[in-house]
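Every chain is numbered from 1, with letters handed out A, B, ... down the list of sequences.
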Amino acid sequence: MAQRIGTKLFVSRLSFYTTKDQFKNMFSPFGQVTEANLVMDSRTGRTKGFGFVSYQSEDEALKAIKALNGRIIAGRIIFVEPAKDNK
DNA sequence: TATGAGCGT
């Protein structure tokens with residue numbers, strides 16, 4: 001088993017004011033995003049501060065991690081890493 | 001209203 005990161009990424013520590021459109025736009029230039037999901041709160045209808053992104057290939061996913069992990073987005077440092085359920 | 005590690009409707 002080599003370094004398999006999967007195509008699904010877990011993105012956390014996002015700004016509470018970040019919307020799905022922003023979320024999707026920041027991952028689009030790094031590859032073809034097949035799935036972009038921001039976890040919302042059923043109570044307030046707002047973001048929980050994290051979400052999931054899926055790319056077409058692991059290479060794009062890894063590229064997005066290195067490009068956005070630990071980066072400052074919207075004034076906040078975000079964390080991007082492979083999701084646990086990466087298939 | 002605001003909040004701040006986490007793996008989801």
Participant: How many angstroms lie between CZ in Phe52(A) and NZ in Lys8(A), if you round to the nearest 0.5 Å?
Facilitator: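 Atom-to-atom, Phe52(A):CZ and Lys8(A):NZ are 7.5 Å apart.
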Participant: Which atom pair, heavy atoms only, marks the closest approach of Gln56(A) to Glu60(A)?
Facilitator: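 What the structure gives for the nearest pair is N-OE1, 3.4 Å.
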Participant: Taking atom P of dC7(B) as reference, at what distance in whole Å does atom CG of Leu14(A) sit?
Facilitator: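 My rounded result for the distance is 15 Å.
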Participant: Could you tell me the separation between the CG atom of Asn37(A) and the P atom of dG6(B), rounded to a whole number of Å?
Facilitator: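 To the nearest whole Å, that distance equals 21 Å.
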Participant: Pick the closest DNA chain B nucleotide for Phe16(A) and for Asp85(A) by heavy atoms, then say which residue is nearer the 5' end.
Facilitator: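 Going by which nucleotide is closer to the 5' end, it is Phe16(A).
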Participant: Starting at atom CG of Asp41(A), determine the distance to atom C1' of dG6(B), rounded to an integer number of angstrom.
Facilitator: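 Nearest whole value for this atom pair: 14 Å.
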Participant: Does Arg13(A) place a side-chain N or O at less than 4.0 Å from the phosphate oxygens OP1/OP2 of dA5(B)?
Facilitator: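 For dA5(B), OP1/OP2 do have a side-chain N/O of Arg13(A) under 4.0 Å.
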Participant: Just call it for Ser15(A): base, sugar-phosphate, or nothing, with non-hydrogen atoms closer than 4.0 Å on any strand.
Facilitator: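 The answer is base, as Ser15(A) lies within the cut-off (heavy atoms under 4.0 Å) of a base atom.
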Participant: Once you round it to whole Å, what is the distance between P of dT9(B) and CZ of Phe23(A)?
Facilitator: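 Interatomic distance, CZ of Phe23(A) to P of dT9(B): 14 Å.
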Participant: Please determine, for the side chain of Val39(A), which listed nucleotide (dG6(B), dT3(B), dG8(B)) has the closest atom?
Facilitator: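 Selected nucleotide (nearest to the side chain): dG8(B).
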Participant: Which pair of non-hydrogen atoms, one from Arg13(A) and one from Arg76(A), has the smallest distance, and what is that distance?
Facilitator: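 For Arg13(A) and Arg76(A), the tightest heavy-atom pair comes out as O-CB, 4.5 Å.
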Participant: To the nearest Å, give me how far apart CG (Leu38(A)) and P (dG4(B)) are.
Facilitator: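 To the nearest whole Å, that distance equals 19 Å.
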Participant: Please give, in whole Å, the distance from dA5(B) P to Ile78(A) CD1?
Facilitator: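 Whole-Å distance recorded here is 16 Å.
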Participant: What heavy-atom pair brings Leu38(A) and Thr18(A) nearest, and what distance separates the two atoms?
Facilitator: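 So the two residues come closest at CD1-O, 3.7 Å.
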Participant: State whether the aromatic ring of Phe52(A) stacks on the base of dC7(B), taking stacking to mean ring centres under 5.5 Å apart and ring planes under 30° to each other.
Facilitator: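 So no, this residue does not stack on that base, at least one cut-off failing.
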Participant: Tell me the interatomic distance from Arg43(A), atom CZ, to dG8(B), atom P, rounded to whole angstroms.
Facilitator: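 Those two atoms, CZ and P, are 14 Å apart.
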Participant: Which comes earlier along DNA chain B counting from the 5' end, the contact point of Lys84(A) or that of Arg46(A), where each point is its nearest nucleotide?
Facilitator: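 Result of the comparison: Arg46(A).
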Participant: Can you tell me how far P of dT9(B) sits from CD of Glu35(A), to the nearest Å?
Facilitator: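 One finds 14 Å between P of dT9(B) and CD of Glu35(A), rounded.
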Participant: Would the base of dG4(B) count as contacting Lys48(A) through its side chain, where contact means a donor and an acceptor less than 3.5 Å apart?
Facilitator: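 Per atom types, no contact qualifies.
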Participant: Can you name the salt bridge (Lys or Arg N to Asp or Glu O under 4.0 Å) partners of Asp59(A), sequence neighbours left out?
Facilitator: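 Once residues adjacent in sequence are excluded, Asp59(A) has no partner under the salt bridge (Lys or Arg N to Asp or Glu O under 4.0 Å) criterion.
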